[in-house]
Number of protein chains: 2
Amino acid sequence: MATISDVAKLSGLSKTTVSRVINNHPYVSDKKRELVLNAMKELGYTPNPSARRLRGQLTTTIGVIVPRIVNPFFSYLVNSIEQAAYKMGYQVLIGQSYEDKEKELAFLNLLKTKQVDGIIMTSIENDWDMIESYKEYGSILLCNDYVNQSEVPMIRLDQTKGAYLGVKHLIEKGHKKIAYCTGGLFDEQGKGKDRNQGFQKALHEAGIKINPKWIFVDQHTIEDGKQVMKQILEMEDRPTAIFTGSDEVAGGIMIQAKELGLTVPSDLAIIGFDDQPIAEILDPKLTTIRQPVDLMGEKSIEVMIEMLENPKLEIQNYELPIELIVRQST
Amino acid sequence: MATISDVAKLSGLSKTTVSRVINNHPYVSDKKRELVLNAMKELGYTPNPSARRLRGQLTTTIGVIVPRIVNPFFSYLVNSIEQAAYKMGYQVLIGQSYEDKEKELAFLNLLKTKQVDGIIMTSIENDWDMIESYKEYGSILLCNDYVNQSEVPMIRLDQTKGAYLGVKHLIEKGHKKIAYCTGGLFDEQGKGKDRNQGFQKALHEAGIKINPKWIFVDQHTIEDGKQVMKQILEMEDRPTAIFTGSDEVAGGIMIQAKELGLTVPSDLAIIGFDDQPIAEILDPKLTTIRQPVDLMGEKSIEVMIEMLENPKLEIQNYELPIELIVRQST
DNA sequence: TTGTAGGCGTTATCAG
DNA sequence: CTGATAACGCCTACAA
């Protein structure tokens, strides 16, 4: 591999001058600049990022933590982040936390050793204090997930509104017996609390009481959805509609419902979350809440790079639009 | 961030001794080793990978090129690669080529600058000669895609057999008018040639002639599948079954078929490829060819690390099993 | 068994 | 405008 010295030698100039050209510093005569540029081309020279990192320069690499890449929501998010980053000349290092604290910390450690300039976190596993302690080593940005007391930029959606819109839609369709299925818990705090609030708000407004038996927590996969449906079938008093925290769970419910001889939406109306590709594949097509994944990725990179270039940037939060997509399952 | 010098100072020893401990070299007395270990712990010391890279050491980072991460086949593949790598203490840098030669080369350049020890390519865009020229800078391994004249390890599947099994299954079901849908071309060479061969072989064995009108090339998405179905409907002489290069295209075909009032499989039998999650979501469930993605990822990492640790390793190819999963769409 | 010194490729500082 | 030099953190001949 050609080094800066090779370029210097070939062009008959010093490393310093070559470096100036590489980094677009002023005070280089056009002639010499030309000379250097030619030599660089001739040797196929690429600056060595390791050396730059060692010198304390930026790495032009951004880390992204996702719980699991096979979740379409996250693979689309990573996709848009990667594309936006590529356009800006940045690389993306991906890490899956698998909802494991250790893996998350291991990834955050990349900041310490200047392997990445910053990390975009799309989910949070450890306590915020723990994570915040890494801010000293590099930039951290939250995209999708968030915390209240944070001192980092956040790109987020109004999850409360998303759930509210969905449940209100069900109510408008005449449903009063509405079940709820979340990937988190049904607590005041903790995962999924915003959506919980939206759900409660919509019911409250319509004067409908929550039936605790119709609350399903910690549901994630298609398989989970199938199980939920089986549980519902066994109930004496069944819901007529169900709001779900993911298209996949909604899909599982729908598949199982059909298998059990129920008709969607007349026997059971179903609403998903994310507007993943399967929403249009399911039959009937799934009514769902769309999250603007592409926007989230672009914005995250935009803000991250701003932060990197201007470390004193004022911390801001960005809220992106979330909308209801009505299809046939409601 | 603490450096090796800090550890040396704190432990009252030299950098050399500390380095020896870090790298498990012999000739360090137990006492001093203890001393160093304590100092390391106290300072929360982590070796700086950039410095190591600069010194020409391994980076414990492996690059993976995929065409697009949102394709479930690749996101599952990346997932299994990442998991296997993590277990071995390696990091994974992901790049999307978007089937673009430039992007692919940009990623291969990471080898030149020792940013990654090796690269796993799951697809190939540039001419092989071009790619092979990067072998000088680091290890390259092919997983999924392959070339004939290659001098790198390949983890691959018998695509010919996959297509053959699928088409044969259709024939056994009594179909004689069989359409074919590929993501590549219908050439002797080029993308998808193996599956083409399997398709042809199965028909040939059954004495069935190929109808060129029923060959659809360069089809990738659900939307593509829908278009294919529309084209089929317009035909005077329609096929009764279709073999498809991806579950997504198959899904599009199925959705559109139902929309047009056709019944699957009685009006049209459909067979997919990959056994992605949507195969079970579609109604009727999709008969498809399963590719053992997890195995592919694990094996790729296993072989890559072997290669890294023993550069003189004999080049081997590995063929993994591929199987037909019969469901309801045929 | 331990330590000294030099260099990997880059850029900032300082002197011309 | 240009160039010599030191330093980033690590590893390894070589010396002791």
Side-chain angles (χ1 to χ4, degrees), chain A residues 1-37 39-40 43-61 89 109-117 137-138 309, chain B residues 1-37 39-40 43-61 109-117 137-138:
Chain A
M1 216 20 223
T3 77
I4 199 172
S5 301
D6 299 330
V7 178
K9 209 169 292 172
L10 182 61
S11 59
L13 297 165
S14 73
K15 292 196 293 175
T16 308
T17 304
V18 176
S19 175
R20 287 210 179 88
V21 173
I22 295 169
N23 297 287
N24 281 315
H25 280 296
Y27 305 127
V28 182
S29 66
D30 287 352
K31 277 183 205 164
K32 311 225 160 171
R33 182 184 303 279
E34 189 88 6
L35 238 42
V36 170
L37 256 19
M40 279 171 50
L43 293 167
Y45 169 77
T46 320
N48 182 322
S50 297
R52 288 184 148 174
R53 283 170 213 203
L54 194 53
R55 266 309 316 237
Q57 295 280 114
L58 294 187
T59 68
T60 62
T61 303
N109 257 312
L110 297 178
L111 286 175
K112 273 199 191 178
T113 52
K114 290 261 176 295
Q115 300 245 69
V116 297
D117 298 333
Y137 307 111
E309 290 179 350
Chain B
M1 218 20 225
T3 77
I4 200 172
S5 301
D6 299 330
V7 178
K9 209 168 291 172
L10 182 61
S11 58
L13 296 165
S14 72
K15 293 197 291 176
T16 310
T17 306
V18 176
S19 175
R20 289 210 178 88
V21 173
I22 296 170
N23 298 286
N24 280 314
H25 280 295
Y27 304 126
V28 182
S29 67
D30 287 352
K31 277 183 203 164
K32 310 223 160 171
R33 180 183 307 277
E34 189 88 6
L35 239 40
V36 170
L37 256 19
M40 280 172 48
L43 292 168
Y45 168 77
T46 320
N48 182 322
S50 298
R52 287 183 150 176
R53 283 172 211 202
L54 196 54
R55 267 305 321 248
Q57 295 279 114
L58 293 187
T59 69
T60 61
T61 302
N109 257 313
L110 296 178
L111 286 174
K112 274 200 190 177
T113 52
K114 290 263 175 295
Q115 299 245 70
V116 297
D117 298 334
Y137 306 111

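Every chain is numbered from 1 and lettered A, B, ... according to where its sequence line falls, protein lines coming before strand lines. Remember, it's a predicted structure, so these values are computed and weren't measured experimentally.
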Requested in this report: Indicate whether the side chain of A:T16 and that of A:S19 have a donor and an acceptor atom separated by less than 3.5 Å.
Outcome: no
Query raised in the report: Taking all atoms of both residues into account, what is the closest heavy-atom pair of A:P47 and A:I22, and its distance?
Result: CG-CG2, 4.2 Å
Query raised in the report: Just wondering, do A:Y137 and A:N109 contact through their side chains at under 4.5 Å, heavy atoms?
Result: no
Query raised in the report: Between B:Y27 and A:S50, which has a closest nucleotide on DNA chain C that is more 5'?
Result: B:Y27
Report summary line: Under a 4.0 Å heavy-atom criterion, the protein footprint on nucleotides 11-16 of chain D, written with B, S and -, is BB----
Query raised in the report: Closest approach of A:K15 and A:A8, non-hydrogen atoms and distance?
Result: N-CB, 3.7 Å
Query raised in the report: Of B:D6, B:V7, B:N23, which meets side chain to side chain contact (heavy atoms under 4.5 Å, CB included) against B:V18?
Result: B:V7
**Report entry** A:L54 to B:A51 - nearest heavy-atom pair and separation
**Finding:** CD1-CB, 3.7 Å
Report summary line: The answer to which of B:G12 and B:L54 contacts DNA chain C further toward the 5' end, by nearest nucleotide, is B:G12
Query raised in the report: Quick one: does B:V21's side chain get under 4.5 Å of B:L37's, heavy atoms only?
Result: yes
Report task. Give the first and the last nucleotide of DNA chain C, reading 5' to 3', that has any atom under 4.0 Å from a heavy atom of chain B. Result -> C:dT1 to C:dG9
**Report entry** Any pair counted as side-chain hydrogen bond (donor to acceptor under 3.5 Å, both in side chains), so long as it reaches residues 24-34 of chain B, sequence neighbours left out
**Finding:** none
**Report entry** Any B:T3 side-chain nitrogen or oxygen under 4.0 Å from OP1 or OP2 of D:dG9
**Finding:** no
